[in-house]
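Both backbone and side-chain heavy atoms feed into the values below; hydrogens, waters and symmetry mates do not. Proteins come first, then strands; the chains are lettered A, B, ... in the order of their sequence lines, and each starts at number 1.
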2 protein chains.
Amino acid sequence: METTTTQQEQGDPRRSPDQRRSADRRRRELLEAADRVVLRDGPQASMNAIAAEAGITKPILYRHFGDKSGLYRALAERHTDGLLAALRTAIDASSDRRERVEHTLDTYLAAIETRPQVYRFLMHPAEDSHHSEQGFDVGRHTAPLLRRLGEELGTVIAERVDLGPGGDELARIWAHGIVGMMHGAGDWWLSERPCSRQQLVRSLADLLWGRLSVAEDRPGSPRF
Amino acid sequence: METTTTQQEQGDPRRSPDQRRSADRRRRELLEAADRVVLRDGPQASMNAIAAEAGITKPILYRHFGDKSGLYRALAERHTDGLLAALRTAIDASSDRRERVEHTLDTYLAAIETRPQVYRFLMHPAEDSHHSEQGFDVGRHTAPLLRRLGEELGTVIAERVDLGPGGDELARIWAHGIVGMMHGAGDWWLSERPCSRQQLVRSLADLLWGRLSVAEDRPGSPRF
DNA sequence: GTACACATGTTACTACCGGTAACCGCAGTC
DNA sequence: GACTGCGGTTACCGGTAGTAACATGTGTAC
C-alpha cells in the first residue's frame with residue numbers, strides 16, 4: 001500500500017486504555033485528509049480520493065461519517081466555527097457602530113480572500129444527490145454557514161440596537177439581508193477584483209448607511 | 001431496472017407527412033420536457049429522465065445541447081430572461097426612488113415565491129461535474145442570474161443616480177451588494193416565512209435607507 | 001489456552017451517472 | 001438502383017456513491 005500520509009501512524013502498540021480516544025483521533029485524521037483533498041480538488045472531490053489521501057479505503061470513511069454529506073457536514077462545521085469565531089471577535093472589537101460594521105465586513109472579506117477554496121467549499125454544500133423523496137423541498141437552499149451567520153448577527157443586532165416594537169424580527173430580517181449583501185458582493189469582488197478590499201468595505205458600509213437614499217438624481221437620467 | 005422499459009416505443013406514424021418540424025421546434029420541445037423534469041425532480045434531474053420525458057433517448061439530447069451544462073444553460077437563459085424583463089419593468093414603473101426600490105424587491109420576491117422550483121434551479125447551476133482541469137478556478141461561484149442581475153442594476157444605478165467621481169464603480173459595488181441582500185434575505189424568507197412579503201420589502205428598504213445607522217444603542221447592551 | 005466479541009481494514013460488488021461509438025432505417029435525390 | 005444525410009436506437013465506457021462480505025488483529029471471559 002502507499003505511504004502517502006504525511007504523518008505516520010505513531011506505531012503505538014499499547015491501546016488498551018484509550019480505544020475511544022483512538023476513534024476520535026482517527027476521525028480527526030480523516031477529517032484533515034479530507035480537508036487537504038477538498039481544498040486541492042474542489043468540493044466535488046470523490047470519496048475514493050479522500051480515502052486514498054488518508055491511506056485507507058472507502059468503507060472506513062462511511063463507517064465514520066455515514067455518507068458523503070455527513071463527512072462534508074463535519075468538514076464544514078470546523079471551518080464555519082473558525083470563521084464565526086473570527087467574526088464574533090470582530091464584532092466586539094470596536095465600540096463605534098460604523099467601525100464595528102466595517103471591521104466585520106473586512107474580517108469576512110479577508111477570510112474569503114486568503115482562503116477562497118475553503119470559502120467555495122462552504123458555499124457549495126453537499127448537494128445531496130439522493131433527492132429527499134417527496135417532491136422538492138423548497139427550503140434548505142443556502143449554505144448552512146450563511147444561515148448561521150444570519151441568525152447570529154440577528155441576535156447581536158437585536159440585543160444591541162434599539163429598534164422599537166417588533167425589533168427582534170426586524171433585526172433578523174436585516175441580519176439575513178446584510179449577510180446576503182456581504183456574501184453577494186464578496187463573491188463578485190473575489191472573482192473580479194474591481195477594487196481594493198478597503199474600498200469595498202467602505203462602499204458597502206456607505207450603502208448600509210443610506211447613502212443611496214440621499215444621493216441626487218442624475219440630471220439627464222433616462223426615464224424611458 | 002429502468003432503462004428501455006419506459007414508454008418511448010410509441011410507433012409514431014404521424015411523423016411522415018410533416019417533417020417540416022425544424023430543429024428549432026424540436027429543440028424547444030426538448031427544452032420544455034427538460035423544464036418539466038427539472039421542475040419536478042430538482043436541479044439534479046438526470047439526462048436519462050429528461051430524455052424519457054421527451055420520449056427519446058440520451059444521445060439526441062447530447063446532439064442538441066452538447067452536454068448537460070449546455071442544456072441547463074439554455075434552460076436557465078429562458079427563465080433568467082423572464083425574470084430580468086419583469087425586474088426591468090418594475091424598476092421603471094415608479095418615479096420615486098424608494099418606491100422603485102420597494103417595487104423591484106417585491107417583484108423579485110414575488111417571482112421566487114410563486115415559482116420556487118425555478119428559483120432554486122437558477123441558483124444551483126450546472127455544477128459541472130468534470131472539474132475544469134487546472135486546479136480550482138476560484139471565480140464563477142455565483143449563479144449567472146445573480147451576476148447578470150448585479151451588472152444590470154449597476155448600470156441602472158450609475159446612469160440614474162449622481163454618485164460623484166468614481167460613481168460607476170460605486171454603483172456596481174452597491175448593485176452587487178443589493179442583489180446579494182435580496183437573494184440572501186429572499187432565500188431565508190422563502191424557507192422560514194417569518195413575515196409577510198410586504199413586511200420583508202419594507203424592512204429591506206428601511207435597511208437600505210440607513211435606518212440601522214440612526215437607531216439608538218440599546219440601554220443595557222452587553223459589551224463583554 | 002480457547003472462545004467470543006469487536007474494531008479495523010480489505011476486496012468486490014451494485015446501481016447509477018454523464019457521455020460516446022456504432023449502428024439502423026428511412027427520407028430524398030441523382 | 002446506390003449513395004448520402006438525419007433522427008433514432010442499443011450498447012458500451014469510465015467514474016461515482018454506497019454496501020456486502022470477508023479478513024484480520026486485539027482485549028476480555030471462561
Side-chain angles (χ1 to χ4, degrees), chain A residues 1-3 5 9-27 29-30 33-34 37-38 41-52 54-73 126-132, chain B residues 1-27 29-30 33-34 37-38 41-52 54-73 126-132:
Chain A
M1 66 177 56
E2 66 291 352
T3 64
T5 52
E9 191 71 37
Q10 71 286 358
D12 198 11
R14 59 142 180 89
R15 78 178 48 190
S16 34
D18 48 3
Q19 278 178 324
R20 315 260 167 101
R21 303 227 165 180
S22 155
D24 285 0
R25 281 177 64 108
R26 200 86 187 93
R27 184 187 164 96
E29 287 173 14
L30 297 185
V37 176
V38 164
D41 295 351
Q44 78 280 26
S46 82
M47 294 296 267
N48 256 329
I50 294 173
I56 44 105
T57 49
K58 271 193 301 176
I60 306 183
L61 282 182
Y62 284 97
R63 283 225 252 275
H64 274 268
F65 301 102
D67 61 352
K68 186 170 188 174
S69 79
L71 201 174
Y72 275 29
R73 221 176 302 125
E127 188 79 34
D128 49 12
S129 49
H130 59 310
H131 37 312
S132 61
Chain B
M1 50 145 56
E2 79 304 353
T3 63
T4 73
T5 64
T6 48
Q7 79 298 0
Q8 79 276 24
E9 304 295 345
Q10 53 195 13
D12 214 27
R14 59 167 159 75
R15 165 169 322 210
S16 29
D18 54 348
Q19 71 187 86
R20 294 278 66 82
R21 334 212 290 168
S22 62
D24 284 359
R25 267 187 80 89
R26 200 87 186 92
R27 184 186 164 97
E29 288 175 12
L30 297 186
V37 176
V38 164
D41 295 352
Q44 77 280 22
S46 82
M47 293 297 267
N48 256 329
I50 295 174
I56 44 104
T57 49
K58 271 194 300 177
I60 307 183
L61 281 182
Y62 284 97
R63 283 223 252 271
H64 274 268
F65 301 103
D67 60 353
K68 186 170 188 174
S69 78
L71 201 173
Y72 274 30
R73 219 177 302 125
E127 188 79 28
D128 48 12
S129 50
H130 59 310
H131 36 315
S132 61

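Rounded to whole Å, the distance from CD on B:Gln44 to C1' on D:dA17 is 14 Å. Between A:Tyr72 atom OH and D:dT16 atom P there is a gap of 11 Å when expressed in whole angstrom units. Separating the CZ atom of B:Arg25 from the P atom of D:dG7 is a distance of 15 Å, rounded to the nearest angstrom. For the pair A:Leu61 CG and C:dT10 C1', the interatomic distance rounds to 14 Å; values are reported in whole Å. As rounded to whole Å, 12 Å separates atom C1' of D:dG8 from atom CG of B:Leu30. The nearest whole Å value for the distance from the CD1 atom in B:Ile56 to the P atom in C:dC24 is 21 Å. Atom-to-atom, CG of B:Asp67 to P of C:dT20 comes out at 8 Å; the value is rounded to the nearest Å.
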When you look at A:Ile60 and A:Arg26, which way does the side chain to side chain contact (heavy atoms under 4.5 Å, CB included) test go after all the steps? CA-CA 10 Å; A:Ile60 306 183; A:Arg26 200 86 187 93; 5.9 Å; no
Show, in sequence, the C-alpha distance, side-chain angles and deciding distance for B:Arg27 and B:Phe65, and conclude whether the side chain to side chain contact (heavy atoms under 4.5 Å, CB included) test is met. CA-CA 9 Å; B:Arg27 184 186 164 97; B:Phe65 301 103; 3.7 Å; yes
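Taking 3.5 Å as the limit, the base of C:dG18 and the side chain of B:Lys58 contain a donor-acceptor pair of atoms between them. With hydrogens and angles ignored, no donor-acceptor pair under 3.5 angstrom links the side chain of A:Arg63 to the base of D:dG18.
Candidate nucleotides C:dG9, D:dA17, D:dG8 were compared by shortest atom distance to the side chain of A:Tyr62, and D:dA17 ranks first. If you check C:dA21, C:dG19, D:dG18 against the side chain of A:Lys68, the one that comes closest is D:dG18.
Distance check, rounded to the nearest 0.5 Å: CG of A:Leu61 to CD1 of A:Ile56 gives 4.5 Å. Rounding to the nearest 0.5 angstrom, the gap separating the CD1 atom in A:Ile50 from the CG atom in A:Asp41 is 8.5 Å. For the atom pair A:Lys68 NZ and A:Ser46 OG, the distance stands at 6.5 Å (nearest 0.5 Å).
The residue among A:His64 and A:Pro59 whose nearest nucleotide of DNA chain C lies closer to the 5′ end is A:His64.
The phosphate of D:dT9 (OP1 or OP2) has a side-chain N or O of B:Thr57 nearer than 4.0 angstrom.
Across all strands, B:Ala45 comes closer than 4.0 Å only to sugar-phosphate atoms, never to a base (heavy-atom distances).
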